[in-house]
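Everything on this sheet refers to the single structure shown next.
Keep in mind the model is a prediction, meaning the values are calculated, not measured. Indexing begins at 1, ligand by ligand and atom by atom, following the structure's order. These numbers come from the heavy atoms of this one structure, side chains and all, not from hydrogens, waters or symmetry mates.
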Amino acid sequence: MANGICIFAENYNGKLEPASAELVSAARLIQETTKEEISAIVAAKDCDTVVEELKGLGVEKIYVVKTSRDILLQDDAASEVIAEMLRKIDPSSVLIPATPTGRSIFSRVAMKLNCGLTADCTELLVGTREDGSYYIKQNKPSFGENVFVTIITREGYYPQMMTVRPGVYTAPEASSENSAEVVYMDDIAVPDSQIEVVEVLPTEDTTDSILSSEIVVVGGRGVLEDDNFALVKEFADKIGAAIGGTRPMVDTETIPFEHQIGQTGCTIRPKICISLGVSGAIQHTEGIKDTKLFVAVNTDPNAAIFKVADYGMTADLRAVLENYLKL
Ligand SMILES: Cc1cc2nc3c(=O)[nH]c(=O)nc-3n(C[C@H](O)[C@H](O)[C@H](O)COP(=O)(O)OP(=O)(O)OC[C@H]3O[C@@H](n4cnc5c(N)ncnc54)[C@H](O)[C@@H]3O)c2cc1C
């Protein structure tokens with residue numbers, strides 16, 4: 001009988017990807033109800049540091065296939081190895097970061113294991129069947145991000161597999177007091193790959209900056225008038241902030257989708273968030289609710305954004321920014 005919550009430990013150069021560390025928190029929330037063991041799978045050449053990182057985060061059991069080469073960019077070989085690991089472990093659910101690597105490898109793993117794969121979840125909840133068994137409610141935006149749906153893996157098909165959008169959960173604090181059982185699966189062979197990795201280049205992806213920045217300036221439709229956005233960029237530069245926005249900012253291609261904040265965008269947890277010309281729709285404020293200090297500027301004194309702001313300013317954002325930039 002399938003049992004246990006298993007996390008895919010994505011890693012590069014001997015280090016655990018932050019998106020995989022966040023999954024430990026998602027697994028703990030599931031564990032509160034199902035009481036299952038939390039495990040992780042590692043397939044890597046340099047796995048020692050990754051194993052230590054997972055231990056520190058509170059993973060209870062770590063399954064390792066130590067490889068002679070890095071295989072996570074070789075989807076064919078990696079999916080073969082991971083599918084075999086999961087056949088032996090037989091977990092009831094597998095949580096995977098919704099990164100290009102996670103999506104790419106696990107679509108192949110799902111085929112090999114003849115099970116489903118829900119992509120890009122933004123919330124995982126636990127449901128209970130009449131017979132007392134549990135299942136995962138895999139919530140995610142769908143239909144062009146216009147509706148929010150709950151997907152359930154068909155009963156009897158295990159493991160329930162889902163990729164989870166980075167930034168939705170916060171990684172737990174690591175502790176050197178945590179310990180874990182480490183199981184080396186030496187009998188799993190690593191097959192040859194048809195993929196040769198020629199060179200790995202750093203990307204210019206700025207998503208990281210919005211997820212990790214301590215200060216974020218968020219623009220809404222109010223920023224789209226005149227050349228307000230140029231002022232916002234100048235302001236953000238001056239205070240060393242990353243720029244995020246609401247859906248209209250993405251629809252008008254003012255910012256890339258990766259910088260949309262909210263239910264169907266990303267979740268941010270900066271120390272300071274300055275919101276400019278944003279009305280405060282619930283679908284947006286969901287993505288900023290964990291901000292430590294939240295300041296909002298809006299011309300409409302009745303705007304909903306003021307209900308969630310720590311400090312509100314009923315003012316024209318242009319006047320506010322121009323005055324600040326004169327300082
Ligand atoms: C299923 C679903 C998922 C969604 N997901 C998301 C999501 O992830 N993220 C998201 O953002 N939205 C999302 N939306 C859309 C959301 O409902 C709102 O429509 C959107 O957040 C509104 O964006 P806004 O505040 O920029 O624009 P508006 O609601 O048009 O508000 C603009 C605000 O700017 C103010 N303003 C105008 N000019 C100025 C000025 N000069 N100075 C100061 N203030 C000014 C106005 O008073 C107004 O309050 C989703 C909707 C659905 C149905």
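Residue Gly265 has at least one heavy-atom neighbour below 4.0 Å for each of these atoms of ligand 1: 8 (O). Interface atoms of ligand 1 facing Val278, defined by a heavy-atom separation under 4.0 Å, are 25 (O), 33 (C), 34 (O). Close approach of ligand 1 to Asp300 (heavy-atom distance below 4.0 Å) involves ligand atoms 47 (O). The atoms of ligand 1 that sit less than 4.0 Å from any heavy atom of Asp316 are 40 (C), 41 (N), 42 (N). When each atom of ligand 1 is checked for a heavy atom of Ala315 under 4.0 Å away, the hits are 42 (N), 43 (C). Heavy-atom contacts of Ala281 reach the following atoms of ligand 1: 16 (C), 17 (O), 18 (C), 21 (O) (cutoff under 4.0 Å). Heavy-atom contacts of Gly262 reach the following atoms of ligand 1: 7 (C), 8 (O), 9 (N) (cutoff under 4.0 Å). The distance from ligand 1 to the heavy atoms of Thr299 drops below 4.0 Å at these ligand atoms: 36 (N), 39 (C), 40 (C), 42 (N), 43 (C), 44 (N), 45 (C), 47 (O).
Of the possible polar contacts, one joining the Ser25 side chain to the Thr170 backbone as a donor-acceptor pair under 3.5 Å is found. Within the 3.5 Å criterion, the main-chain N or O of Gln194 finds a donor-acceptor partner in the side chain of Asp76.
Checking Gly280, Gly222, Gly219 against atom 38 (N) of ligand 1, the nearest heavy atom belongs to Gly222. Distances from atom 4 (C) of ligand 1 to the heavy atoms of Gln260, Arg247, Met313, Arg318 put Arg247 nearest.
A salt bridge links Arg103 with Asp120: the closest approach of a Lys/Arg side-chain nitrogen to an acidic carboxylate oxygen falls below 4.0 angstrom. In this structure, Lys88 pairs ionically with Asp187, as a charged nitrogen and a carboxylate oxygen lie closer than 4.0 Å. Salt-bridge formation is detected for the pair Lys112/Glu80: a Lys NZ or Arg NE/NH1/NH2 atom is positioned less than 4.0 Å from an Asp or Glu carboxylate oxygen.
Proximity of Lys66 to Asp186: side-chain heavy atoms (C-beta onward) are nowhere separated by under 4.5 Å. The closest side-chain heavy-atom distance from Thr150 to Gln138 is not below 4.5 Å. Using a 4.5 Å cut-off on side-chain heavy atoms (C-beta onward), Tyr63 and Val182 make no contact.
Residue Ser279 touches ligand 1 through backbone and side chain together, judged by heavy-atom distances below 4.0 Å. Contacts with ligand 1 closer than 4.0 Å are made by backbone heavy atoms (N, CA, C, O) of Ile261 only, the side chain lying farther away.
Closest of all the heavy-atom pairs between Ser79 and Ile105 is CB-O, 3.7 Å.
On a distance-only criterion, Leu317 and ligand 1 share at least one N/O pair closer than 3.5 Å. Considering backbone and side-chain N/O of Gly277, one or more are found under 3.5 Å from N/O of ligand 1. Remark: ligand 1 and Asn228 share no N or O pair separated by less than 3.5 Å (distance only, no angle test). The shortest N or O to N or O distance between Asn298 and ligand 1 is under 3.5 Å.
The cluster map of Ile, Leu, Val, Met, Phe, Trp and Tyr, joined by side-chain heavy atoms under 4.5 Å apart, puts Ile41 and Leu54 in different clusters.
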